[in-house]
Amino acid sequence: MAETSSSLHSPAYVFLLRAGHRLRPLHQAHAHIIVSGLHRSRSLLTKLLSFACSAAATRRYTLLLLHSIPEPDSFLFSSIIRASSRSSSPSSSLLFYFLMLSLPVPPSNYTFTSVLKSCADLSASRTGISIHSHLLVHGFDQDSYVQTALLVFYAKCGDLVVARKVFDRMPERKVVAWNAMISGYEQNGIGEEAIELFHKMRDAGVLPDSATMVSLLSACAQVGALSLGQWVENYVMENGLELNVVLGTSLINMYARCGHVRKAREVFDMLPEHNVIAWTAMIAAYGMHGHGLEAMQLFDRMRSEGPLPNDVTFVAVLSACAHSGLVCEGREAFESMSRDYQLVPRVEHHVCMVDMYGRAGLLDEAMWFIRERIQAEPGAAVWTAMLGACKMHKDFDLGVEVAERLLTIEPENPSHYVLLSNIYALAGRMDRVEKVRNVMIRQRLKKQTGYSLIEIDNVPHVFRMGDTSHPQTMQIYNYLEELMHKIRNAGYMPETDSVLHELEEEEREYALRFHSEKLAIAFGLMNAGEDVVIRIVKNLRMCRDCHLAIKFMSVIACREIIVRDKHRFHHFKDGECSCKDYW
DNA sequence: GTAGGGTTAG
């Protein structure tokens, strides 16, 4: 095919560049290329095709274009595969890849990085695994770019063991490879591993960059590692890493999830630019701390001076309303979503609405919403929210009905059984409680075990219920006994409801007194400085009894106690909780 | 022309 050096200086090329990713101008540029007699220029056609792929032009058009080119080469295929892998329909790149193989045109290392990225983004695990074997056949398994793409593919598909294998076998690990592995752990909810790998990275003498810090902060947010998060902020400042909107958002999220809403807001105000993700993160931050009014104020400001809210923003807004009892505001936001922003409510939004009505005690409204406003068959998440409401407001009949429906939808989920047995217990149906427990034992369903984490002098300590592994165990239990005695004298009465059947059989003897958050608080009161706020991170929801006990503890110990549970924050102070018992 | 980064319900 004729290639003239002039084709890249031709007016047609300028025309093409100007067209960019817009479809109609691309058609015009195509016409221009033909009219100027440059339709044999491979570089121009490659560029045109790549633009067409990024524009997610109709597949018909791109295929037509492709077929009009005689003997397309490896470079051309790699270009369009890369362009499609970054477009809104990455599956096209798989199509082009298999077309390439069938011709056959030999793939290159560039081909594999792109096509693996598509598999990762599509979670196309079977296809990705077969492509793994292709790249072995073509001898690209030692290419560090291909290896990193492969690692990311396995991590995105959730196979961290294989991802780690790829990582460990890399002869040379640059910062990008470390970042990919750290991010992989974090994205899969294994924040501890992400943090551990970060320490290994430092030991290996690899200098972290901004992307490392973003993933690391997410990991800190996940596990509640405040001191490491603060270290990261320091590092960023001292090493002159630019506080851009991505890094800033990660920092906001870390502070919010580690209990420091005010610091989160400071970072938000510091950012040079605010996109929809940064706004959403800050609204969510207020929401999870029960600061519904602040969340709504910020949302109003966003509507008047910020970017357009997206569906994630509305999840944050509705959740904030739900956790603060802002029913009218929430209802209006829900309507506004489709009316003003043409956003289609998804399951998450429905769940928030049901949760919002439910928490507020408007169980009829919640049921009405499920019946009338949800088009398809409501999923398990919606019923879980409904069940939570029944439990909170002690509507046992409805609760049992809902729980049984949940079990038919997701019979393999142990937490539904726990909820159902709780509802039966609250309703006094002990016979049913035993039945449910037996089903669980027969099916070997085990509920998650709870733990609580507290940092003292930047060192994290983890406690589990009835934990005796800590070196200070004796002192902690003695201290806790004494504390429980004091709060009983102050008027605390154990909420025995909560003892029932949240526990496995052998754990019952520990009952309520030694739930992990109580152990962590006792340990914190013993070891933290006088005026230090006690901060606990718990992986499950708190039970009613702990919630009540901690209110008393905040008075007796004269201390502010902040607990993050599975869903939100509780700030205990002077005998009250910021959630206003609204959780 | 190649690999890695932030927000969301229960």
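Note that the coordinates shown come from a computational prediction; the quantities given were computed from them, not determined experimentally. First the proteins, then the strands, lettered A, B, ... as listed; each starts at 1.
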ask   = Under 3.5 Å, is there an N or O donor on one side and an acceptor on the other linking the side chain of A:S250 and the base of B:dG6?
value = no

Please classify the nucleic acid contact of [X] as base, sugar-phosphate, or nothing, using heavy-atom distances under 4.0 Å.
X: A:A381; result: base
X: A:H567; result: base
X: A:V245; result: base
X: A:R173; result: nothing

Report yes if at least one side-chain N or O of [X] is closer than 4.0 Å to OP1 or OP2 of [N]; otherwise report no.
X: A:R86; N: B:dG1; answer: no
X: A:Q187; N: B:dG6; answer: yes
X: A:N253; N: B:dT7; answer: yes

Check the pair A:V267, A:E233 against side-chain contact (heavy atoms from CB on, under 4.5 Å), reporting the backbone distance first and the verdict last. CA-CA 10 Å; A:V267 175; A:E233 184 178 28; 4.2 Å; yes

Listed in order of residue number, which residues of [range] have a non-hydrogen atom at under 4.0 Å from DNA chain B?
range: residues 269-279 of chain A; result: A:N275, A:I277
range: residues 107-115 of chain A; result: A:N109, A:Y110, A:T113
range: residues 200-212 of chain A; result: A:D209, A:S210, A:A211

- Query: Quick one: do the A:D209 and A:T212 side chains pair a donor with an acceptor below 3.5 Å?
  - Reply: yes

What integer distance in Å separates [X]:[atom1] from [N]:[atom2]?
X: A:D141; N: B:dA3; atom1: CG; atom2: C1'; result: 16 Å
X: A:E186; N: B:dT7; atom1: CD; atom2: C1'; result: 12 Å
X: A:I374; N: B:dG10; atom1: CD1; atom2: C1'; result: 13 Å
X: A:R568; N: B:dA9; atom1: CZ; atom2: C1'; result: 14 Å

Is the number of heavy atoms from other residues, nucleotides or ligands within 6.0 Å of [atom1] ([X]) greater than 12?
X: A:R346; atom1: CZ; value: yes
X: A:K538; atom1: NZ; value: yes
X: A:Q375; atom1: CD; value: no

>> Can you confirm if the aromatic rings of A:H132 and A:Y154 lie within a centre distance of less than 6.0 Å?
In response: yes

For A:H567 and A:D565 the tightest heavy-atom approach is N-OD1, 2.8 Å

Between the CG atom in A:D203 and the NE2 atom in A:H199, the distance rounded to the nearest 0.5 Å is 9.0 Å

Checking A:F299, A:F314, A:Y286, A:F268 against A:W279 for ring-ring contact (aromatic ring centres under 6.0 Å, His included), the one that qualifies is A:F268

What do the steps show when you test A:R373 against A:E335 for salt bridge (Lys or Arg N to Asp or Glu O under 4.0 Å), and what is the final call? CA-CA 11 Å; A:R373 300 303 299 271; A:E335 297 303 332; 3.1 Å; yes

